[in-house]
Amino acid sequence: MTQKDSPPATDFIREIIEEDLKTNKHGGRVATRFPPEPNGYLHIGHAKSICLNFGIAAQYHGTCNLRMDDTDPSGESLEYVESIIQDVRWLGFDWQDRLFYASDYFEQLYEFAIQLIKKGKAYVCSLSADEIREYRGTLTEPGKESPYRNRSVEENLDLFSRMRAGEFEDGAHVLRAKIDMASPNITMRDPILYRIKRAHHYRTGTRWCIYPMYDFAHCLSDSIEKVTHSICTLEFENNRPLYDWILDQLDVDCHPQQIEFARLNLSYTILSKRRLIELVRKGYVTGWDDPRMPTIAGMRRRGYTPEAIRNFCVRIGVAKNENTVDMSLLEHCVREDLNERAPRVMAVLRPLRLIIDNYPEGQVEEIECPNHPQNPDMGSRRLPFSKVLYIEQDDFLEKPPKKYYRLAPGREVRLRYAYIVKCVGVVKDEKTGEVKEVHCTCDPETRNGPLPDGHKVEGVIHWVSADHSVPAEVRLYDRLFRVPDPTAERDDFTKYLNPRSLETLASCRVESGLKGAAPGSRYQFERLGYFCVDAKDSSSNKLVFNRIVSLRDSWAKIANQQQKNE
RNA sequence: UGGGGUGUCGUCAAGCGGUAAGACACAGGUCUUUGGAACCUGGAUGCGGAGGUUCGAAUCCUCCCACCCCAGCCA
């Protein structure tokens with residue numbers, strides 16, 4: 001972690017841990033774990049959990065394990081494992097040699113199941129899936145006991161070992177805990193512990209045809225790893241009695257405490273694995289690392305920094321309230337970080353030729369430009385200035401509205417770090433009326449200094465020398481969805497996809513120094529926003545930049561209001 | 001109509017019986033060679049509602065209301 005990360009705020013989980021430390025509940029030990037299922041990529045919601053678990057471990061001098069919760073072979077894969085490892089590491093966390101897999105515990109878990117059977121606390125049930133559902137009862141009605149509930153220990157042992165041996169069809173039997181079919185908590189109505197599933201597991205291959213369920217595997221995995229605080233999300237609150245029940249029946253020397261917190265929701269995006277997979281599979285995005293995705297991989301490619309994401313996770317807090325955090329807070333954290341560290345650079349996204357009529361043809365001056373106006377330590381560079389420049393199309397308007405103080409006929413504007421120029425003419429396309437060129441004169445006295453008579457120019461615009469700049473493609477990314485909560489209505493969330501979430505600008509011009517920029521490096525394009533060299537598509541022949549986030553644009557706000565008032 | 005949770009500013013979120021932190025967003029302003037950044041100011045007489053206890057309640061009690069989760073051989 002860097003120093004600029006805010007100090008970890010306290011929260012109810014840390015309070016519990018501090019209390020436990022005070023009472024020496026776990027011998028002063030703090031051990032957490034982050035247990036993703038490798039069936040999808042990690043997203044910003046996982047980042048909250050990662051920061052919580054690893055953050056707590058670091059803060060209290062404990063440990064945090066990375067554990068693949070891979071108990072359901074369907075959908076799990078090595079690709080996901082590798083992405084998870086990469087993402088957690090990229091976020092800045094280290095589990096040293098404690099990368100674990102629930103699938104590594106299959107043998108132990110099986111033994112625990114035997115123990116349960118021997119204690120008369122589990123039985124093999126031969127009801128069909130439909131029957132089990134019927135027997136389970138409803139929210140308001142108690143369930144019925146399975147006719148197989150009172151099989152003898154011997155029979156259960158025999159059946160269970162034959163389940164493992166592959167003697168039965170998928171679904172023919174399950175192992176169930178013998179708890180209470182009348183429990184008001186449905187989780188406790190003889191929950192299924194093991195199912196027969198002939199599926200290839202990405203790690204254990206075909207060694208197993210029975211797989212433990214989450215409730216059975218999770219608490220025991222925690223216990224095996226000697227976790228002290230098992231932090232999970234709210235939807236598992238109903239499962240906590242079962243978590244405790246299983247550990248209470250078995251002969252284990254570690255009984256972790258499960259604590260639940262509210263998962264993160266973010267406006268203008270979705271954070272459900274199922275839906276993210278749908279976006280990828282149906283091609284709404286280019287992949288898990290599409291820069292519009294709320295995945296760690298997507299945000300990394302977009303140019304977000306781990307520091308910004310960690311800081312965001314600190315600032316959103318940890319509590320039990322259902323919450324939807326404003327996307328603007330994430331964007332704020334990204335700007336805050338990048339403002340400090342991104343070197344400034346000149347880039348013109350939508351070029352408009354600006355010709356300085358009174359500037360000598362062929363003359364080139366070197367203009368000294370600081371790489372960061374507030375931080376001289378970041379040095380400076382020299383930018384070529386010449387008669388023909390490119391400026392931003394937005395920075396010239398023939399009929400400027402009120403409060404517009406950029407270039408317009410007869411108006412003056414400062415070319416950043418260079419001269420003040422005055423617009424003396426416009427060349428338009430005869431047919432379309434489109435402005436093709438802007439002609440200006442410049443006052444040689446004003447080079448990078450105040451006007452001689454002291455009067456100031458309000459507008460400052462960025463520029464690039466036509467002959468000395470290089471072409472680039474810039475991808476302008478915006479929010480993935482056009483509404484704050486795409487899943488609010490029951491209908492298809494994809495209809496709320498923002499059609500303008502990506503705009504590709506193919507003929508941008510950037511200062512030539514950017515030619516050798518390393519993939520992933522981040523810059524502020526002056527007055528526009530923060531951009532990074534796309535790690536996948538950019539090359540020395542074809543520069544490709546991603547817009548990470550725009551600068552706050554108070555002119556856009558004014559212009560918007562003016563439009564509304566009309 | 002069962003059980004488990006949660007309700008404090010637009011959004012997060014502190015508060016733990018002594019008189020409503022902070023952040024983002026928003027609105028004004030200062031400054032400015034980024035309409036950026038930075039800085040300043042403004043906002044809940046109010047804590048889901050109604051009662052009660054108390055000198056004193058967001059904090060304790062009672063009742064009510066709203067929302068979320070649970071009926072996968074998913075996690």
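Proteins come first, then strands; the chains are lettered A, B, ... in the order of their sequence lines, and each starts at number 1.
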Please list each protein N or O that sits under 3.5 Å from an N or O in nucleotides 26-30 of chain B, with the distance.
unit_1, atom_1, unit_2, atom_2, d
B:rC26, OP1, A:Lys557, NZ, 2.9

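In this structure, A:Asp170 reaches neither bases nor backbone, as no heavy-atom distance under 4.0 Å exists between it and the strands shown. Contact annotation for A:Glu260: no contact, since no heavy-atom pair falls under 4.0 Å across all strands. When heavy atoms are screened at a 4.0 angstrom cut-off, A:Pro373 is found touching base atoms of the nucleic acid. Counting non-hydrogen atoms under 4.0 angstrom, A:Ile461 reaches nothing in the nucleic acid. Contact annotation for A:Arg344: base contact, defined as any heavy-atom pair under 4.0 Å involving a base atom. Within 4.0 Å (heavy atoms only), A:Leu175 reaches no atom of the nucleic acid at all. Within 4.0 Å of A:Arg406, counting heavy atoms only, lies at least one base atom of the nucleic acid. Within the nucleic acid shown, A:Leu528 has no heavy atom closer than 4.0 Å to any nucleic acid atom. At the heavy-atom level, A:Tyr211 lies nowhere under 4.0 Å from the strands shown. Within 4.0 Å (heavy atoms only), A:Glu15 reaches at least one base atom of the nucleic acid.
Look at A:Arg136 and you'll find a side-chain N or O under 4.0 angstrom from OP1 or OP2 of B:rG72. Note on A:Ser554: a side-chain N or O is less than 4.0 Å away from OP1 or OP2 of B:rG36. Listed pair A:Thr71 / B:rA75 meets the phosphate criterion, a side-chain N or O lying under 4.0 Å from OP1 or OP2. Between A:Arg416 and B:rU34 there is a side-chain N or O to OP1 or OP2 distance below 4.0 Å. Contact annotation: A:His332 reaches the phosphate of B:rC24 (side-chain N/O to OP1 or OP2, under 4.0 Å).
RNA chain B is contacted by A:Pro184, A:Ile186, A:Ile192, A:Arg195, A:Lys197 of residues 184-197 of chain A, taking any non-hydrogen atom closer than 4.0 Å.
Between A:Glu458 and A:Arg406 there is no salt bridge, since no side-chain N of the basic residue sits under 4.0 Å from a carboxylate O of the acidic one. Between A:Lys144 and A:Glu134 there is no salt bridge, since no side-chain N of the basic residue sits under 4.0 Å from a carboxylate O of the acidic one.
Taking the salt bridge (Lys or Arg N to Asp or Glu O under 4.0 Å) definition, one finds that A:Glu526 meets it with A:Arg416, sequence neighbours left out. Partners of A:Tyr148 according to the side-chain hydrogen bond (donor to acceptor under 3.5 Å, both in side chains) rule, which considers only residues two or more places apart in sequence or in another chain, do not exist here. With sequence neighbours excluded, no residue satisfies side-chain hydrogen bond (donor to acceptor under 3.5 Å, both in side chains) with A:Asp377. Judged as a ring-ring contact (aromatic ring centres under 6.0 Å, His included), and not counting sequence neighbours, A:His462 has no contacts. For A:Arg509, the side-chain hydrogen bond (donor to acceptor under 3.5 Å, both in side chains) test picks out A:Ser469, with sequence neighbours left out. Judged as a ring-ring contact (aromatic ring centres under 6.0 Å, His included), and not counting sequence neighbours, the contacts of A:Tyr214 are A:His218, A:Phe236. Not counting sequence neighbours, A:Tyr243 has no partner by the ring-ring contact (aromatic ring centres under 6.0 Å, His included) test. Take A:Arg67 and apply the salt bridge (Lys or Arg N to Asp or Glu O under 4.0 Å) test, not counting sequence neighbours, and it matches A:Asp222, A:Glu225. With sequence neighbours excluded, the residues forming a side-chain hydrogen bond (donor to acceptor under 3.5 Å, both in side chains) with A:Ser49 are A:Asn53, listed by chain and number.
No side-chain donor from either of A:Asp69 and A:Thr71 sits under 3.5 Å from a side-chain acceptor of the other.
For A:Lys320, the NZ atom sits in a packed shell: over 12 heavy atoms of surrounding residues, nucleotides or ligands are nearer than 6.0 Å.
The base of B:rG3 lies close enough to the side chain of A:Asn238 for a donor and an acceptor atom to sit less than 3.5 Å apart. Remark: the A:Arg414 side chain and the B:rU33 base include a donor-acceptor N/O pair separated by less than 3.5 Å.
Between the P atoms of B:rA50 and B:rA66, the separation comes to 16 Å (whole Å). Straight-line distance between the P atoms of B:rC63 and B:rC9: roughly 25 Å, to the nearest whole Å.
Applying the Watson-Crick and G-U wobble criteria (two distances, each under 3.5 Å), B:rU62 pairs with B:rA50. Remark: B:rG22 base-pairs with B:rC12. Criterion, Watson-Crick or G-U wobble with two distances under 3.5 Å. When both distances must be under 3.5 Å, the Watson-Crick or G-U wobble mate of B:rU1 does not exist. Using the Watson-Crick or G-U wobble rule with both distances under 3.5 Å, B:rG17 pairs with nothing in any strand shown. Applying the Watson-Crick and G-U wobble criteria (two distances, each under 3.5 Å), B:rA27 pairs with B:rU41.
Ring stacking holds between A:Trp555 and B:rG35, with the centres under 5.5 Å apart and the planes within 30 degrees of each other.
Across the protein-nucleic acid pair, A:Arg240 atom CZ and B:rC69 atom C1' stand 13 Å apart, rounded to whole Å. A straight line from NE2 of A:His462 to C1' of B:rA37 spans 16 Å, rounded to a whole angstrom.
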Seminar exercise, completed: Letter by letter from the 5' end, nucleotides 6-13 of chain B scores (B base, S sugar-phosphate only, - none; protein heavy atoms under 4.0 Å) SS--BSSS

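A:Val318 and A:Leu52 get closest at one heavy-atom pair: CG2-CG, 3.9 Å.
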